[in-house]
Amino acid sequence: MKKISAIRNIGIVAHIDSGKTTLTERILYYTGATHKIGEVHNGNTVMDHTKQERDRGITINSAATKCEWKGTGISIIDTPGHVDFTVEVNRSLRVLDGLVFLFSAVDGVEPQSETNWRLANDYNVSRIAFVNKMDRTGADFFKVITDIKEKLGGNAVAIQLPIGTEENFEGVIDLIQMKAIRQGGDMGINIEVNEIPQGMMDLALEMRSKMIEAICSVNMNVLDKFVNDQEITNEDLINALRSACIANTLVPVLCGSAFKNKGVQALLDHVIDLLPGPLDKGNDESKPFVGLIFKVVSDKHGKLTYLRIYNGELRTGDTVLNSITGETERVSRIYQMHADVKKNIDMASAGDIVALSGMKNSKTGHTLCDVDHVVELESMNFPAPVISVSIEPKTQGDYDKIAFALAKLVEEDPTFVVKSDAELGQTIISGMGELHLDIKIDLLKTDYNVEVTKGVPKVAYKESLKNTVVHHEQFSKQGGGKGKFAEIHFEIGPGDEGTEGLQFINEITGGVIPKEFIPAVEKGFKSCLSNGKFGYPIHSMKVRLFDGDFHQVDSDAYSFELCAQEAFRHVLAKCGPYLLEPIMSARVVTPEIYTGVVVSDLNKRNGIISELSDKGNLKYIQVNVPVAKMFGYMTDLRTITSGRGDFSMSFSHYQKAM
């Protein structure tokens, strides 16, 4: 294992089909981690190793690997770009120090880019941008920079320029060194550094000046040298850009074409020079061990638990404490992962990302730590599912196997939820989209030999309350011996804007309800959130408890919990409950000649179009549309555009159902 000062933990994130896996394959090849470049269209990439990924040509699972570049160990997590698998990006970003944010030079900032950017902001992950596909028709480096600024709010600054564009793209100009960099030799393995082409010198000088100006706005050292007309060295610029990256005050922008093997080595140089390492994030080898579990995977040999180590060391055979469960676990083996290939190692330390075997009761988001130094790290928040389908085994013999298989899939994926509908005798699976659930059904067949029949997709509606109501509830039940008594006076209505779940306000004074019974009232109301008037969860609700009564003998906590539940049942209709439906932010791409029919179709689906833009002969349509109206949309879109249309979408918000 590398010393902590020579480690970079990075993720490669982007919208689907921006070239993440293609870029990762080049990185592995140029760093010597592999000896052959795999291609997505050939189904032979290292990182997309599952049958489902290779059949569909997309990344579904985040995959971890490690390589070395110029003496620095780089752990890489290649993440999915499809909205249905945002969970993989979410948990990866929680444990990464830096990101390579990939953008298509043709398409710019797309919906999933915006989702990923928000997640990176939430976890305060440093990032550099790489504008890929500079060789494609319609490539526009400067338009992507404008997109990053306007759509993402990123303080983007070009530190490279493309030499040529589209089919004439041949390399990059480094604005720090003021040199032209091209690739030569087999698969672009040789780096050729030359003088800047004469016809590009004026633009290069202009863009370097803009780069220095941007750096001056966030770095006093460079600013002082600039205003005092002192020499600003390349080292000054690199150090300033690195500090700005760590502080997330600048986003350096590079460019290239991973598929054409251009710009990748220069990107690796900047990963080392600009992105933070574990030391910059406060990790310490000398402190007691602590690490965060960010992923659990079941394979044919058992369960693998993926761990990011923040402090200390971990060795095979160590006993560690799960600070969430309070239980100890013994580390059977430690693996360095290369996608699906495991390499046994004896020890890992701060900054390392590894996989463990032997963790029986530890789950995603749990903290492992030294048994004598208890630490609980911040976990992760995952989005709620938006669609559901019923499933039923095709054969009687599969009924026993399906429960085990579904439990394994739930353990791996926090956004995959399984429930039983006792009334209908069905199993309901819920997830982030049709593709997400299709993949799970496919895994049941390929990994667990269970075939199922799938029902019609259902929308994950929620409920909201319209009215605020004051109510008085008395619960009294007498029988032989001790009875049950509780009385509450409360106000109930919609939660404050931007809140979710239960807002409980206790205004009890003078002991009219003993303080030990107050949590039971809150618990009673909270238990009601899962089932509103129409059978869906309540999105937000506020309860203000201001009066009540109790009995010295017959009152207890359970009486007050039951009283709250009865009160909710009696008052719910007066609160004016109504349905909320999930709204998706979709981006539809169509040849211009089909714009009218596509827009008309979206209008029929209750879509609200927010933007129409042109790129070449393509029309880009940004629209908010109910998820209920988008089932099977890809098939319909391809039909009305003669197979030439495409779309992507991500969850946006809930709103009142139409």
Side-chain angles (χ1 to χ4, degrees), residues 14-19 41 56-58 81-86 103-115 133 136-140 143-144 146-147 150-151 166 386-387 389 431-438 454 456-461 579-658:
H15 187 86
I16 191 170
D17 199 32
S18 295
H41 57 271
R56 290 171 171 81
I58 61 171
H82 196 286
V83 60
D84 285 16
F85 311 108
T86 302
F103 299 95
S104 163
V106 179
D107 301 310
V109 172
E110 299 180 89
Q112 192 61 15
S113 302
E114 298 182 61
T115 300
K133 300 189 177 184
R136 295 286 186 90
T137 301
D140 190 335
K143 177 63 167 61
V144 178
T146 300
D147 270 5
E150 294 181 353
K151 295 184 178 180
E166 299 183 344
V386 294
I387 72 165
V389 297
M432 303 309 298
E434 288 182 277
L435 180 59
H436 187 203
L437 297 184
D438 285 345
K454 183 177 73 169
V456 178
K458 297 180 180 179
V459 178
Y461 292 103
L579 278 182
L580 297 172
E581 63 181 344
I583 302 298
M584 309 301 285
S585 174
R587 192 185 201 194
V588 183
V589 183
T590 175
E592 192 168 3
I593 59 173
Y594 299 109
T595 304
V597 67
V598 171
V599 169
S600 176
D601 181 70
L602 289 170
N603 288 334
K604 292 176 182 177
R605 298 173 189 268
N606 297 332
I608 304 297
I609 295 171
S610 59
E611 182 183 351
L612 283 169
S613 58
D614 300 295
K615 289 185 180 178
N617 64 345
L618 295 177
K619 184 73 74 172
Y620 287 69
I621 306 167
Q622 193 69 41
V623 59
N624 282 347
V625 60
V627 68
K629 302 291 186 178
M630 295 300 281
F631 295 135
Y633 180 65
M634 179 59 82
T635 300
D636 294 342
L637 178 64
R638 293 284 169 86
T639 299
I640 62 179
T641 62
S642 300
R644 298 170 65 189
D646 200 0
F647 90 106
S648 60
M649 66 180 184
S650 59
F651 172 74
S652 176
H653 62 281
Y654 272 88
Q655 73 177 32
K656 188 174 182 179
M658 296 182 182

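Since the structure is predicted, the reported quantities are computational estimates derived from the model, not experimental observations.
Taking each heavy atom of F651 and P582 in turn, the nearest pair found is CE1-CB, 3.9 Å. A pairwise comparison of heavy atoms in Q622 and A586 identifies NE2-O, 3.3 Å as the closest pair. Counting all heavy atoms, side chain and backbone alike, N606 lies closest to P626 at O-CD, 3.7 Å.
Within the model, atoms CG of L602 and CE of M630 stand 6.5 Å from one another, a figure rounded to the nearest 0.5 Å. Taken from NZ in K133 to OG in S104, the straight-line distance is 5.0 Å, to the nearest 0.5 Å.
Every residue two or more places apart in sequence or in another chain that forms a side-chain hydrogen bond (donor to acceptor under 3.5 Å, both in side chains) with K619 is listed here: D614. For the side-chain contact (heavy atoms from CB on, under 4.5 Å) test, residues two or more places apart in sequence or in another chain that qualify with A628 are V459, Y461. For D636, the side-chain hydrogen bond (donor to acceptor under 3.5 Å, both in side chains) partners two or more places apart in sequence, or in a different chain, are R605. Take L618 and apply the side-chain contact (heavy atoms from CB on, under 4.5 Å) test, not counting sequence neighbours, and it matches V589, P591, Y620. For Y633, the ring-ring contact (aromatic ring centres under 6.0 Å, His included) partners are F647, not counting sequence neighbours.
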If you apply the rule side-chain contact (heavy atoms from CB on, under 4.5 Å), what do you find for F103 with S113, and how did you get there? CA-CA 8 Å; F103 299 95; S113 302; 4.1 Å; yes
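Under the 4.5 Å side-chain criterion, counting only non-hydrogen atoms from C-beta, I583 is not in contact with V627. Side chains of I621 and T590 form a contact here, defined as non-hydrogen atoms less than 4.5 Å apart. Between V106 and T137 there is no side-chain heavy-atom pair separated by less than 4.5 Å.
The side-chain contact (heavy atoms from CB on, under 4.5 Å) test with T595 singles out one residue from V598, V597, V599, and that residue is V599.
Within the structure, the salt bridge (charged side-chain N to carboxylate O under 4.0 Å, His left out) test picks out the following pairs touching residues 581-596 (sequence neighbours left out): E110-R587.
Ion pairing of K454 with D438 is present here, as a side-chain N (NZ or NE/NH1/NH2) and a carboxylate O approach within less than 4.0 Å.
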